[in-house]
Each structure stands twice: as structure tokens, then as C-alpha cells.
Amino acid sequence: MKKILLLLSLMSFYLHAETQQLGWEQLKPEVNTETVTLPSVNDSQKKLLAQILQLQYQNDETSQNEQKKIIDTLKSQGIDAKKALDARKRFMAYEQLKAETLNHKIDGKTVRMPGFIVPIEFDGLKGTDFLLVPYAGACIHLPPPPANQIVRISYPQGFEVENIQYPVWVEGKIKAEKQTEDVYLVDGKTKLTMGYKMEGDLIERYYE
């Protein structure tokens, strides 16, 4: 009996040693990008810039004249519309790059992560597929996090979610793989980009 207990203890230690505890910061590697300084504009000027974005793809004379009029108005206020919109475009591209850059060093590792789960597929009362996110309410009452802050969890054995405001621990093998799909949430169908996926081995309450 003592030998069996010792063997089980050693196996437990080995499995624990093989499981790496992972923090959310480790899912978003640092990206070196140009620092883009956006021009300082007020709400009225933001609306005018938004109108230019709407008009720039319309080739009729009326739209072109209206666009020129808005550009001249902004220029009289010290705003170069072309530079402002170019800066916006570069800023958005860099933000998307930072949001979708993944950490491939953790590919295939068995990890243990804290977070909040949002069920997206059910088997009876139990969820079988989840989104693991870093803060409560993400993807439901709040905008979704960046792609590299969402882990798609497959958990066929099912886990009954008592409250999405309660944190959990999730263990399983993680894979860095960006995927975009339509998911069904409380607020309805949403197209979501997720940076990671995990075959869940264990989901348990953070606070027992």
C-alpha cells in the first residue's frame, strides 16, 4: 500500500511539474511598431473626418465637392485631413497587429490559466465549448478583448456555469491558432476572432 501511495504521489508531482501556469500577459508578445501620434481633434472635427471617410469612395460631383468643402473647413481650423486620416489608418493597423500577434512559444504546452468562461455551446445544462477571457463580462456586456486575449476552450465532459462573473481555473493543451467564426452569445450572434484554442482537461472554480 505504501508503495502504491508513493507511486501516486510521484505521478501527481510529475503531472503538476509538466503543467505550466500561464498569465494573460504571456499571450500577447511585445510587438515593435512605429509610434503613431494622432492629431488632437474635438468632437466636431472627428465628425467631419468621419464624413470624409464616407464620401471618399463616392465619385459623383456632389460628393466630391462636399468632401473638398469639409477638407477646407478643417484646414481653416489647423487640421490637415489627409495627414490625420493617414495617421488613423496606420494607428489602426498597428493596433490590429498588436491584438493578433500570438505567442507560439507556448504551442502544444499543457497549461493552467485563470480567467472567466463564457459558454457558447451546451449539452443540457452544461457548457461544452467556452471562451476563456481575462475579465468578467467580456464578449457579453462589454466589447470582446483582443484576439490574443481570447482562448477557445473545448470541454466535451461539460461544466455547469453558475455565474459568468465567477473566475475559474482551466487546464489543458494550448495552441496558438487564430480563427474567426460566428459564435452565439447572450447578446446574439457575433463574428469573433480568437487567438488561441485549448483542449480542456479540467475546469474548476477559482475559489473553492
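For reference, positions follow the sequence shown, starting with 1.
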Student: Side chains of Phe130 and Val170: closer than 4.5 Å at any heavy-atom pair?
Tutor: no
Student: With respect to Met194, which candidate in Gln149, Glu181, Lys178 satisfies the side-chain contact (heavy atoms from CB on, under 4.5 Å) definition?
Tutor: Glu181
Student: Would you check if Ile117 and Tyr155 make a side-chain contact, meaning some heavy-atom pair closer than 4.5 Å?
Tutor: no
Student: Quick one: are Val31 and Tyr94 in side-chain contact, heavy atoms under 4.5 Å?
Tutor: no
Student: For Lys109 and Leu22, run side-chain contact (heavy atoms from CB on, under 4.5 Å): C-alpha distance rounded to whole Å, both residues' side-chain angles, the deciding distance at 0.1 Å, then the answer.
Tutor: CA-CA 10 Å; Lys109 293 186 180 296; Leu22 203 62; over 6 Å; no
Student: Decide if atom CG of Leu38 counts as having more than 12 heavy atoms of other residues, nucleotides or ligands within a radius under 6.0 Å.
Tutor: yes
Student: Drop me the distance from Asp80's CG to Leu85's CG, to the nearest 0.5 angstrom.
Tutor: 9.0 Å
Student: Looking only at heavy atoms, what is the nearest atom pair of Ala81 and Ile71, with distance?
Tutor: CB-CG1, 4.1 Å
Student: Who else is in the cluster with Trp169 when I, L, V, M, F, W and Y are joined by side-chain contacts under 4.5 Å?
Tutor: Tyr206, Tyr207
Student: With clusters defined by side-chain heavy atoms of hydrophobic residues (ILVMFWY) lying less than 4.5 Å apart, directly or transitively, does Leu202 cluster with Phe159?
Tutor: no
Student: Measure the NZ-CG distance between Lys175 and Asp107 for me, rounded to the nearest 0.5 Å.
Tutor: 4.5 Å
Student: What about Ile52 and Phe91, same hydrophobic cluster or not, with Ile/Leu/Val/Met/Phe/Trp/Tyr joined at side-chain heavy-atom distances under 4.5 Å?
Tutor: no
Student: Check for me, please, whether Val133 and Ile106 land in the same ILVMFWY cluster - side-chain distances under 4.5 Å, paths through other members count.
Tutor: yes
Student: Can you find a pair of side-chain heavy atoms, one from Val161 and one from Phe116, that are under 4.5 Å apart?
Tutor: no
Student: Using modelled atom types only, decide if a donor and an acceptor are shared between the side chain of Asp129 and the backbone of Glu121 within a distance under 3.5 Å.
Tutor: no
Student: Heavy atoms only: give me the nearest Ile164-Ala136 pair and the separation to one decimal.
Tutor: O-CB, 4.4 Å
Student: With the side chain counted from C-beta on, respond yes when Ile120 and Tyr184 share a heavy-atom pair under 4.5 Å apart, and no when they do not.
Tutor: no
Student: So how far is it from Lys47 NZ to Asn42 CG, rounded to the nearest 0.5 Å?
Tutor: 10.0 Å
Student: If you apply the rule side-chain contact (heavy atoms from CB on, under 4.5 Å), what do you find for Glu66 with Gln58, and how did you get there?
Tutor: CA-CA 11 Å; Glu66 181 63 22; Gln58 300 178 31; over 6 Å; no
Student: Measuring from Ile153:CD1 to Ile174:CD1, what's the distance to the nearest 0.5 Å?
Tutor: 7.0 Å
Student: Glu177 and side chain to side chain donor-acceptor pair (under 3.5 Å): which single residue from Lys197, Arg152, His104 fits?
Tutor: Lys197
Student: Does Trp24 reach the main-chain N or O of Met113 with its side chain, forming a donor-acceptor pair under 3.5 Å?
Tutor: no
Student: When you measure from the side chain of Asp123 to the backbone of Lys126, do you find a donor-acceptor pair of N or O atoms at a distance under 3.5 Å?
Tutor: no
Student: With a sphere of 6.0 Å drawn around CZ of Phe122, does it hold more than 12 non-hydrogen atoms of other residues, nucleotides or ligands?
Tutor: yes
Student: Could you see if Leu49 belongs to whatever hydrophobic cluster contains Val36? Use Ile, Leu, Val, Met, Phe, Trp, Tyr and a side-chain cutoff under 4.5 Å.
Tutor: no
Student: Evaluate the side-chain proximity of Leu27 to Val151: yes if any heavy-atom separation is below 4.5 Å, no if none is.
Tutor: yes
Student: Pick from Lys75, Lys68, Lys69: which one makes a salt bridge (charged side-chain N to carboxylate O under 4.0 Å, His left out) with Asp72?
Tutor: Lys68
Student: Could you tell me which non-hydrogen atom of Leu192 sits nearest to which non-hydrogen atom of Cys139, and how far apart they are?
Tutor: CD2-SG, 4.2 Å
Student: Side chains of Val111 and Met198: does their closest heavy-atom pair fall under 4.5 Å?
Tutor: yes
Student: Any chance you could measure Ser40, atom OG, to Ile79, atom CD1, to the nearest 0.5 Å?
Tutor: 7.0 Å
Student: Show, in sequence, the C-alpha distance, side-chain angles and deciding distance for Leu132 and Tyr196, and conclude whether the side-chain contact (heavy atoms from CB on, under 4.5 Å) test is met.
Tutor: CA-CA 10 Å; Leu132 182 68; Tyr196 299 89; over 6 Å; no
Student: Could you check whether any side-chain heavy atom of Lys98 comes within less than 4.5 Å of a side-chain heavy atom of Lys28, counting everything from C-beta outward?
Tutor: no
Student: Compare every heavy atom of Asn103 with every heavy atom of Gln26, then report the nearest pair and how far apart it is.
Tutor: O-ND2, 2.8 Å
Student: Got a second to check how far Arg112's CZ is from Thr19's OG1, nearest 0.5 Å?
Tutor: 8.5 Å
Student: Do any N or O atoms from the side chain of Thr101 and from the backbone of Leu97 form a donor-acceptor pair under 3.5 angstrom?
Tutor: yes
Student: Looking at residues at least two apart in the chain, or sitting in another chain, which of them share a salt bridge (Lys or Arg N to Asp or Glu O under 4.0 Å) with Arg90?
Tutor: Glu34
Student: Within a radius of less than 6.0 Å around CD of Gln165, do more than 12 heavy atoms belonging to other residues, nucleotides or ligands occur?
Tutor: yes
Student: Has the side chain of Asn148 got a donor or acceptor atom that lies under 3.5 Å from a matching backbone atom of Ala99?
Tutor: yes
